[in-house]
Number of protein chains: 2
Amino acid sequence: MANIKVLIVDDEPNIRDLLSTSLRFAGFSIHAVANGTDAIAAAEKGEPDIILLDVMLPDMNGFSVTKKIRSMGITAPVLFLTARDDVDDKITGLTVGGDDYVTKPFSLDEIVARINAIIRRTKPAEHEDSMIEVGEISINQDAHEVFVNGEMVDLSPTEYKLLRFLMTNPNRVLTKRQILEHVWEYDFNGEMGIVESYVSYLRKKLDPMTTEPLIQTKRGIGYMYKVAKSGH
Amino acid sequence: MANIKVLIVDDEPNIRDLLSTSLRFAGFSIHAVANGTDAIAAAEKGEPDIILLDVMLPDMNGFSVTKKIRSMGITAPVLFLTARDDVDDKITGLTVGGDDYVTKPFSLDEIVARINAIIRRTKPAEHEDSMIEVGEISINQDAHEVFVNGEMVDLSPTEYKLLRFLMTNPNRVLTKRQILEHVWEYDFNGEMGIVESYVSYLRKKLDPMTTEPLIQTKRGIGYMYKVAKSGH
DNA sequence: GGTTACTTTCAGAGAACTTTGAGAGCATAA
DNA sequence: TTATGCTCTCAAAGTTCTCTGAAAGTAACC
């Protein structure tokens, strides 16, 4: 993957750090600022490939920022961060370009998935594939569709995200905490038992269609999506 | 392996010494401090590759320390040390990026394994292989899987840890006390007979699949994982 | 051989962990 | 409103693991 530059704009330091750290770890180049004025300056100077933009900023709102940078000839797509209540026609109307939006609180895996989806759409040359195929299961990330040996399976949103996270880390044990922190929203306050529940749901739906169970339990640690090594 | 610098942050002198000594022995460069303020200074000056950070510190908690050093542009991954009770709800959001956590009381072997796992993930270039291969047995540390002559063996968590410790010290006699101190948690209060029990479990599972017994008894001292010297 | 000290193995109680089902609460759609 | 689906919690039931203690086995030494 080419080096993708992401500009993060959020006034809450917690969110900014959370996003910076985990997107940097996901392989993106990060520049983070706290307000609209800095965002406009950074967009002009840094030539980001994508902008993560909080809609509520202290000095101006995200839409004004977008209009301003677009008028400057910067076409980088914008991924808006917004509170759930603010998702009205303003946003849905604005996501015409390559833009998209995510509601707070989000999950880290969700943000990474959305960024990749946007890059896929806007830079077809240097993207990652929208299909994830590991073992007997394949996922179409654009359509959110899951196929087991060619047959489609209906998953709830959470089941889908959990499966996607497991499949992007095949043959590696993931602790329940890792799973919780990637798949669930960052302010989730509940118990890890929910991971166990959702693994159970996934197994119930997937195992009847596979030749062998795909999600292995690693007692005392967590779970692992197991695939036979292809190749040597 | 490149020289890995580890910054240890813990206010309990016992724990600090325990960690310093055994991590130094494991080949890391160590710098140890007792509080958050010193940790921030040391992180800035020493440029550690990884930070071992107690969550409960006298002056500030580990979360604040992490935020502070991350906001200074230091991206070193953090391995949090935390009491088992605090894991439930307070730590969510901590293990971003390459971070991980270990609950107190931990075992020394566990700490070394986690550090190596984090370095493998964050510095794929200069890491050690996730496979340990000694004699007829190989261990995949990512998947926590053990193979004897290519065939997989199912081990319990403690059996796995014991075998890993023996295999990282081949052809060296390990006293029962050494084994107890590395494989079991540091506050383990029981008898050394448990080492004998677990060696017995391992033999029962491994010996039927090897050409000769691999764990030798050194009467009056301890045990040794024996391998024929492969031509250098 | 006989004695002693150490080691191996077994069996079992209790603890820890996992799986699953039932259901409350909530949001969404008809 | 009612119906449907989803998320999450809780608890019961099942499973596996840990550790202890005792009995049987083995090596070392006199």
Side-chain angles (χ1 to χ4, degrees), chain A residues 83-85 87-88 92 103 105-107 109-110 144 146 153-163 173-177 179-181 183-208 213-224, chain B residues 84-85 87-89 92 103 105-107 109-110 144 146 153-163 173-177 179-180 183-185 187-208 213-224:
Chain A
R84 192 152 292 173
D85 304 338
V87 184
D88 44 20
T92 47
T103 56
F106 45 79
S107 77
D109 201 54
E110 186 63 20
H144 280 226
V146 176
V153 185
D154 222 36
L155 299 183
S156 80
T158 306
E159 289 162 358
Y160 170 82
K161 282 190 251 177
L162 171 58
L163 178 63
V173 187
L174 300 165
T175 67
K176 287 176 197 167
R177 176 154 300 275
I179 296 172
L180 199 59
E181 300 203 337
V183 176
W184 271 263
E185 297 168 352
Y186 59 76
D187 66 346
F188 179 77
N189 223 358
E191 296 294 316
M192 288 191 291
I194 196 168
V195 177
E196 295 155 14
S197 286
Y198 271 84
V199 167
S200 172
Y201 299 155
L202 270 186
R203 281 175 171 157
K204 201 146 93 181
K205 288 185 178 179
L206 301 177
D207 283 357
L214 291 171
I215 305 176
Q216 291 190 351
T217 303
K218 292 288 165 177
R219 185 165 250 258
I221 309 171
Y223 299 95
M224 182 173 90
Chain B
R84 193 154 291 174
D85 303 339
V87 174
D88 282 349
D89 35 30
T92 305
T103 55
F106 46 78
S107 77
D109 198 56
E110 185 64 20
H144 281 230
V146 176
V153 185
D154 226 34
L155 300 183
S156 81
T158 305
E159 289 163 359
Y160 172 83
K161 283 189 246 175
L162 172 58
L163 177 63
V173 184
L174 300 165
T175 67
K176 288 176 198 167
R177 177 153 299 283
I179 295 174
L180 200 58
V183 177
W184 271 262
E185 297 169 352
D187 68 346
F188 178 75
N189 226 358
E191 295 296 314
M192 286 191 295
I194 197 168
V195 177
E196 295 157 11
S197 286
Y198 271 85
V199 167
S200 169
Y201 298 154
L202 271 185
R203 282 173 170 156
K204 195 148 106 183
K205 288 185 178 178
L206 300 178
D207 283 357
L214 291 170
I215 304 176
Q216 292 190 351
T217 303
K218 294 291 165 179
R219 187 163 254 257
I221 309 172
Y223 300 94
M224 183 173 92

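All heavy atoms count here, side chains included; hydrogens, waters and symmetry mates do not. Protein chains get the first letters and strands the later ones, always in sequence-line order, with residue 1 at the start of each. Note that this is a predicted model, so its numbers are computed, not measured.
Applying the 4.0 Å criterion to OP1 and OP2 of C/dT18, one finds that A/K176 has a side-chain N or O inside that range.
At whole-Å resolution of the value, CE in B/M192 and C1' in D/dC19 are 15 Å apart. One interatomic measurement links the two molecules: CD of A/Q216 to P of C/dT18, which rounds to 14 Å at whole-angstrom precision. When the P atom of D/dC6 is taken as reference, atom NE2 of A/H144 falls 15 Å away, rounded to whole Å. The separation between A/L162 atom CG and D/dC8 atom P is 12 Å, rounded to whole Å. Following rounding to the nearest Å, B/E191 (CD) and C/dT7 (P) show an atom-to-atom distance of 14 Å. The nearest whole Å value for the distance from the CH2 atom in B/W184 to the C1' atom in D/dC19 is 10 Å. At whole-Å resolution of the value, CG in B/L180 and P in D/dT18 are 14 Å apart. The distance from atom OH of B/Y223 to atom C1' of C/dT9 is 11 Å, rounded to the nearest whole Å.
Comparing D/dC8, C/dT18, D/dT7 by their nearest atom to the side chain of A/S156 picks out D/dT7. Distances from the side chain of A/T217 to the nucleotides C/dT19, D/dC6, D/dT18 place C/dT19 closest. Proximity note for B/I194 (side chain, C-beta onward) versus D/dC19, D/dC8, C/dT18: the nearest is D/dC19. Of the candidates D/dT20, D/dC17, D/dC8, D/dC17 carries the atom nearest the B/P157 side chain, counting heavy atoms from C-beta on. The nucleotide whose nearest atom lies closest to any side-chain atom of B/F188 is, among D/dT18, D/dC8, D/dC19, D/dC19.
Judged purely by atom type and a 3.5 angstrom limit, A/K161 has no side-chain atom pairing as donor or acceptor with the backbone of A/W184. A distance-only check finds a donor-acceptor pair linking the side chain of A/E159 to the backbone of A/S156 [under 3.5 Å]. Although no hydrogens or angles enter the test, the distance criterion places a donor-acceptor pair under 3.5 Å between the side chain of B/K205 and the main chain of B/D154. The main-chain N or O of A/P213 is never found under 3.5 Å from a side-chain atom of A/R203 such that the two would form a donor-acceptor pair.
DNA chain D is contacted by A/S197, A/Y198, A/Y201 of residues 195-207 of chain A, taking any non-hydrogen atom closer than 4.0 Å.
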Quiz prompt | B/D207 and B/I215: CA distance, side-chain angles, deciding distance, side chain to side chain contact (heavy atoms under 4.5 Å, CB included) verdict | solution = CA-CA 9 Å; B/D207 283 357; B/I215 304 176; 6.0 Å; no
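In this structure, the side chains of A/V195 and A/Y223 come closer than 4.5 Å at one or more pairs of heavy atoms. Inter-residue side-chain proximity for A/F188 and A/E181 is flagged as unmet; no heavy-atom pair is nearer than 4.5 Å.
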Between the protein and nucleotides 23-30 of chain D, list the N/O to N/O atom pairs that are separated by less than 3.5 angstrom.
| from | atom 1 | to | atom 2 | distance (Å) |
| --- | --- | --- | --- | --- |
| D/dT26 | O2 | B/R219 | NH2 | 3.1 |

Listed pairs, N/O of protein and of nucleotides 28-30 of chain C, under 3.5 Å:
none

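Between the OH atom in B/Y160 and the CG atom in B/L202 there is a gap of 12.5 Å [rounded to 0.5 Å]. In this structure, the separation between OG1 on A/T175 and CE on A/M192 is 8.0 Å, given to the nearest 0.5 Å. Here the CG atom belonging to B/L162 is positioned 9.5 Å from the CG atom belonging to B/L155, to the nearest 0.5 angstrom. Going from atom CD1 of B/I179 over to atom CG of B/D109 covers 11.0 Å, rounded to the nearest 0.5 Å. Taking CE from A/M224 and CG from A/L174, the interatomic distance works out to 9.5 Å, rounded to the nearest 0.5 Å.
Across all strands, B/E159 comes closer than 4.0 Å to no nucleic acid atom at all (heavy-atom distances).
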